[in-house]
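Just so it is clear, the values below take in all heavy atoms, side chains as well, and ignore hydrogens, waters and symmetry mates. Because the structure is predicted, anything quoted here is derived from the model rather than measured. The chain is numbered in sequence order, starting from 1.
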Amino acid sequence: MAESADMEQLVASFKKFAVHGDTKATGKEMNGKNWAKMCKDCKIIDGKNVTGTDVDIMFTKVKPKTSRVITYEEFQKALVDLAPKRFKDQSKEEAVQSIFQLVEGKEPTNVGITKVVKTATVDRLTDTSKYTGSHKERFDGTGKGKGRGGREELVEKTGYVGAYKNAGTYSEKTNTK
């Protein structure tokens with residue numbers, strides 16, 4: 001019973017890594033990029049015994065020649081083949097169990113992938129109060145964007161030219177005379 005639960009966790013991890021970063025993926029096949037990410041995130045790549053090159057070679061070895069993806073069965077075979085290389089001091093069966101335990105229940109990590117840069121240069125470039133020219137017209141006094149009105153020249157059908165300061169005062173002038 002414990003082994004079937006472990007295998008279910010292994011299948012779940014395979015599916016999570018298989019769909020990572022690909023909106024069209026079904027979770028039944030994993031590409032080489034996600035295989036390498038899984039090996040890195042699950043610490044199969046240790047830098048000494050197993051390197052990124054070893055992982056890429058193993059992927060190429062287990063997939064069919066014309067294919068660019070591996071199925072779950074090929075994924076398991078790749079892990080079984082990598083196990084003795086990763087855990088040299090253990091027997092083959094113990095190494096396979098150890099490598100399965102590294103993968104079981106894991107998900108792709110996104111931590112540290114994209115860091116928000118907060119420096120004086122970025123602050124200066126994004127400070128809307130320092131904008132000049134046509135860029136200044138796109139923001140109001142608080143720095144909030146004006147939307148379409150700030151990007152496009154919207155035509156007002158008033159009969160006055162765009163920068164005329166006394167627009168709308170004609171009727172006042174004619175009534176006072």
Side-chain angles (χ1 to χ4, degrees), residues 1-128 135 138-139 142-148 150-151:
M1 181 67 186
E3 280 191 28
S4 68
D6 292 343
M7 286 300 155
E8 286 175 16
Q9 286 184 338
L10 194 64
V11 171
S13 292
F14 172 80
K15 287 181 179 179
K16 287 176 185 172
F17 278 101
V19 298
H20 180 72
D22 187 4
T23 56
K24 296 177 181 155
T26 61
K28 294 179 180 166
E29 296 175 326
M30 182 184 289
N31 62 24
K33 176 184 71 79
N34 289 358
W35 162 255
K37 178 170 180 48
M38 191 249 352
C39 290
K40 183 177 165 211
D41 288 356
C42 296
K43 302 200 180 357
I44 292 173
I45 297 175
D46 62 355
K48 292 185 281 181
N49 298 329
V50 178
T51 63
T53 306
D54 295 326
V55 166
D56 291 338
I57 290 170
M58 190 57 62
F59 181 82
T60 306
K61 193 170 158 186
V62 296
K63 74 174 182 64
K65 280 208 186 289
T66 59
S67 179
R68 300 178 80 185
V69 292
I70 58 173
T71 63
Y72 177 70
E73 289 75 25
E74 293 161 347
F75 164 80
Q76 276 186 310
K77 182 175 180 343
L79 287 179
V80 168
D81 291 349
L82 272 177
K85 189 168 176 87
R86 172 67 168 84
F87 299 101
K88 289 185 175 184
D89 55 340
Q90 297 178 357
S91 70
K92 184 166 176 74
E93 293 77 26
E94 291 172 339
V96 168
Q97 285 304 316
S98 298
I99 206 161
F100 282 174
Q101 287 173 352
L102 285 177
V103 178
E104 288 167 357
K106 297 285 186 353
E107 295 182 5
T109 58
N110 290 327
V111 179
I113 304 293
T114 305
K115 295 184 173 95
V116 177
V117 178
K118 192 74 171 165
T119 62
T121 307
V122 173
D123 287 342
R124 190 187 71 217
L125 291 172
T126 57
D127 185 4
T128 58
H135 304 291
R138 295 185 57 207
F139 300 91
T142 64
K144 188 172 186 311
K146 292 183 182 177
R148 184 173 168 223
R151 289 190 306 275

Would M7 and L10 satisfy side chain to side chain contact (heavy atoms under 4.5 Å, CB included), going step by step from the backbone distance to the final call? CA-CA 5 Å; M7 286 300 155; L10 194 64; 4.0 Å; yes
Sorted by chain and residue number, the salt bridge (Lys or Arg N to Asp or Glu O under 4.0 Å) partners of D81 (sequence neighbours excluded) come out as K77
Test of understanding: with salt bridge (Lys or Arg N to Asp or Glu O under 4.0 Å), list the residues that count as partners of K85, not counting sequence neighbours. D54
How long is the straight-line distance from [atom2] of [Y] back to [atom1] of [X], given to the nearest 0.5 Å?
X   : Y    : atom1 : atom2 : result
M38 : H20  : CE    : NE2   : 12.5 Å
I99 : E104 : CD1   : CD    : 11.5 Å
C42 : K37  : SG    : NZ    : 9.5 Å
N31 : F59  : CG    : CZ    : 6.5 Å

Taking the side chain as every heavy atom from C-beta outward, state whether [X] and [Y] have any pair of such atoms under 4.5 Å apart.
X    : Y    : value
F100 : V80  : yes
E74  : P64  : yes
Q9   : V103 : no
M58  : L79  : no

Please name the pair of heavy atoms, one in [X] and one in [Y], separated by the smallest distance, quoted to 0.1 Å.
X    : Y   : answer
A36  : D56 : CB-OD1, 4.3 Å
G27  : A18 : CA-CB, 3.9 Å
N49  : D46 : N-OD1, 3.0 Å
G105 : S13 : N-OG, 3.0 Å
V50  : I44 : CB-O, 3.5 Å

Start with the C-alpha gap between F17 and M30, add the side-chain angles, then the distance that decides, and say whether side chain to side chain contact (heavy atoms under 4.5 Å, CB included) holds. CA-CA 7 Å; F17 278 101; M30 182 184 289; 3.7 Å; yes
Between F14 and Y72, what is the ring plane arrangement, given parallel below 30°, perpendicular above 60°, and tilted in between? perpendicular
Is a donor on one side and an acceptor on the other found under 3.5 Å between the side chain of R86 and the backbone of K43? yes
With a 3.5 Å distance limit and no angle check, can you tell me whether D41 reaches the backbone of P108 through a side-chain donor-acceptor pair? no
By the salt bridge (Lys or Arg N to Asp or Glu O under 4.0 Å) test, which pairs, at least two apart or in different chains, include something from residues 16-30? K16-E107
Taking atom NZ of K33 as the centre, report whether more than 12 heavy atoms of other residues, nucleotides or ligands fall under 6.0 Å from it. yes
Yes or no on side chain to side chain contact (heavy atoms under 4.5 Å, CB included) for V62 and W35, after CA distance, side-chain angles and deciding distance? CA-CA 12 Å; V62 296; W35 162 255; over 6 Å; no
